[in-house]
Amino acid sequence: MRFSHSRVSTFIQCPYKFKLQYLDGAVTIRDPSPDDALIVGNAMHKGIEQGTRAALQWYCEQFTVLTDLHIHELMKLELLLPKVQAIIDYDQAVFELELQTPDFAGYIDLMLKADDGSAQIYDFKYSNNMDKYLESAQLHLYKYYLEKVQGIPVSRMGYIFIPKTSIRQKKTEDLYQFRRRLTQTLEELAVSVVEVAYDPQKVAGFFQTIEQIQSASEYPKQPTKLCD
């Protein structure tokens with residue numbers, strides 16, 4: 001089995017979920033909502049790489065019917081994407097850089113190349129939960145494998161956090177008033193770049209968990225509210 005950060009994280013989260021997804025091949029039947037994290041996240045990535053218009057078109061193509069709730073997500077994409085695009089040096093940018101070895105697979109969202117042969121690596125997160133990602137081993141693994149596989153020294157790594165808003169229309173608002181408030185809220189949000197210091201212990205922990213996975217014979221459940 002080729003491991004990735006997400007596979008190992010799934011095992012840590014719930015061994016039974018890991019078994020269902022990666023050993024049994026169970027597939028989830030999706031009925032995506034307008035703010036579905038996977039769809040909106042993919043649209044955000046596409047917009048950063050290919051432009052806002054491409055993101056809006058791709059998002060619309062994921063649904064058979066568009067409602068006001070979909071329009072609100074399109075507004076978020078249209079107003080937030082330029083904030084991300086403004087901080088990226090596209091002349092030095094490489095998107096979705098694949099890292100693959102016989103035992104590891106991963107994709108670096110953004111690599112910025114430097115003239116001296118080094119690079120900076122970043123991962124895009126459309127989330128307000130910074131602490132969760134700052135504790136993650138993901139970027140540490142990417143640095144380890146980028147230097148090991150491609151021989152590119154990583155001088156800096158971090159997350160580009162795109163803030164979310166979940167405001168809803170008030171009973172006292174009509175649609176125009178809500179959309180005006182949503183626009184104002186989005187205009188006030190700021191994208192942040194947070195640097196992460198490399199920790200080799202996170203890489204060592206990744207390999208230790210792989211050893212646990214390879215020797216596992218039981219896959220106990222770790223129930224959460226997401227089980228429903």
Side-chain angles (χ1 to χ4, degrees), residues 5-6 34-60 62 71-99 106-147 150 152-167 179-199 202:
H5 171 260
S6 60
D35 62 351
D36 180 84
L38 182 61
I39 291 178
V40 176
N42 285 339
M44 190 69 72
H45 278 70
K46 184 172 287 290
I48 294 169
E49 297 176 36
Q50 302 177 22
T52 303
R53 183 183 294 247
L56 301 181
Q57 179 178 338
W58 184 88
Y59 175 86
C60 292
Q62 308 313 302
I71 300 302
H72 298 155
E73 295 305 316
L74 289 169
M75 291 174 63
K76 295 174 187 179
L77 289 168
E78 189 169 19
L79 290 171
L80 289 174
L81 277 168
K83 296 175 184 281
V84 187
Q85 296 160 354
I87 64 175
I88 295 175
D89 184 348
Y90 280 83
D91 291 334
Q92 294 184 321
V94 177
F95 295 101
E96 290 294 313
L97 178 66
E98 183 179 15
L99 294 173
Y107 289 87
I108 298 174
D109 285 349
L110 171 64
M111 181 179 76
L112 297 176
K113 300 175 293 184
D115 293 337
D116 62 2
S118 66
Q120 300 179 24
I121 59 174
Y122 296 93
D123 201 73
F124 302 122
K125 296 299 181 187
Y126 185 32
S127 173
N128 296 327
N129 191 359
M130 292 188 185
D131 292 342
K132 169 188 173 183
Y133 294 109
L134 294 177
E135 291 300 318
S136 168
Q138 184 176 16
L139 284 174
H140 305 267
L141 293 168
Y142 290 169
K143 170 180 164 65
Y144 172 82
Y145 277 103
L146 184 61
E147 294 180 341
Q150 299 195 17
I152 300 175
V154 177
S155 62
R156 187 183 185 195
M157 62 185 192
Y159 291 100
I160 298 177
F161 286 106
I162 306 160
K164 299 182 75 171
T165 178
S166 300
I167 64 172
R179 288 183 175 173
R180 186 171 62 177
R181 183 165 64 91
L182 176 60
T183 299
Q184 181 179 356
T185 300
L186 291 167
E187 289 176 344
E188 293 172 353
L189 295 178
V191 173
S192 57
V193 181
V194 182
E195 187 172 356
V196 175
Y198 179 65
D199 182 357
K202 291 188 180 295

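Along the sequence shown, residues are numbered consecutively beginning with 1.
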**Fill in**
What one should report as the nearest heavy-atom pair of Ile108 and Tyr122 is CG2-O, 4.2 Å
**Item:** Set of residues satisfying side-chain contact (heavy atoms from CB on, under 4.5 Å) with respect to Ala55, sequence neighbours excluded
**Value:** Leu81
**Item:** Closest contact, heavy atoms only, Ile48 versus Tyr90
**Value:** O-OH, 2.6 Å
**Item:** Partners passing side-chain contact (heavy atoms from CB on, under 4.5 Å) against Arg53 (at least two apart in sequence or in another chain)
**Value:** none
**Request:** Could you list the residues that satisfy side-chain hydrogen bond (donor to acceptor under 3.5 Å, both in side chains) with Gln150, not counting sequence neighbours?
**Result:** none
**Message:** Just to verify, what does Asp116 make a side-chain contact (heavy atoms from CB on, under 4.5 Å) with, not counting sequence neighbours?
**Reply:** Ala114, Ser118
Which atom pairs, one a donor and one an acceptor, fall under 3.5 Å between side chains of residues 157-166 and the rest of the protein, sequence neighbours left out?
| unit_1 | atom_1 | unit_2 | atom_2 | d |
| --- | --- | --- | --- | --- |
| Tyr159 | OH | Tyr133 | O | 3.2 |

**Message:** With side-chain contact (heavy atoms from CB on, under 4.5 Å) as the criterion, how do His140 and Val196 come out once you've worked through the C-alpha distance, each side chain's angles and the decisive distance to 0.1 Å?
**Reply:** CA-CA 9 Å; His140 305 267; Val196 175; 3.6 Å; yes
**Request:** Could you tell me whether the side chain of Lys46 and the main chain of Thr52 form a donor-acceptor pair under 3.5 Å?
**Result:** no
**Fill in**
Smallest heavy-atom separation, Leu182 atom then Lys76 atom, equals CD1-CE, 4.3 Å
**Request:** Report yes if the side chains of Ile39 and Trp58 come closer than 4.5 Å at any heavy-atom pair, otherwise no.
**Result:** yes
**Request:** Check the pair Leu97, Leu146 against side-chain contact (heavy atoms from CB on, under 4.5 Å), reporting the backbone distance first and the verdict last.
**Result:** CA-CA 10 Å; Leu97 178 66; Leu146 184 61; 3.8 Å; yes
**Message:** Would the distance check show the side chain of Gln92 and the main-chain N or O of Lys113 forming a donor-acceptor pair, the cut-off being under 3.5 Å?
**Reply:** yes
**Message:** Going by salt bridge (charged side-chain N to carboxylate O under 4.0 Å, His left out), name the pairs with one or both residues in residues 123-133, residues two or more places apart or in two chains.
**Reply:** Asp123-Lys125
**Asked** Has Tyr198 got more than 12 heavy atoms of other residues, nucleotides or ligands less than 6.0 Å from its OH?
**Response** yes
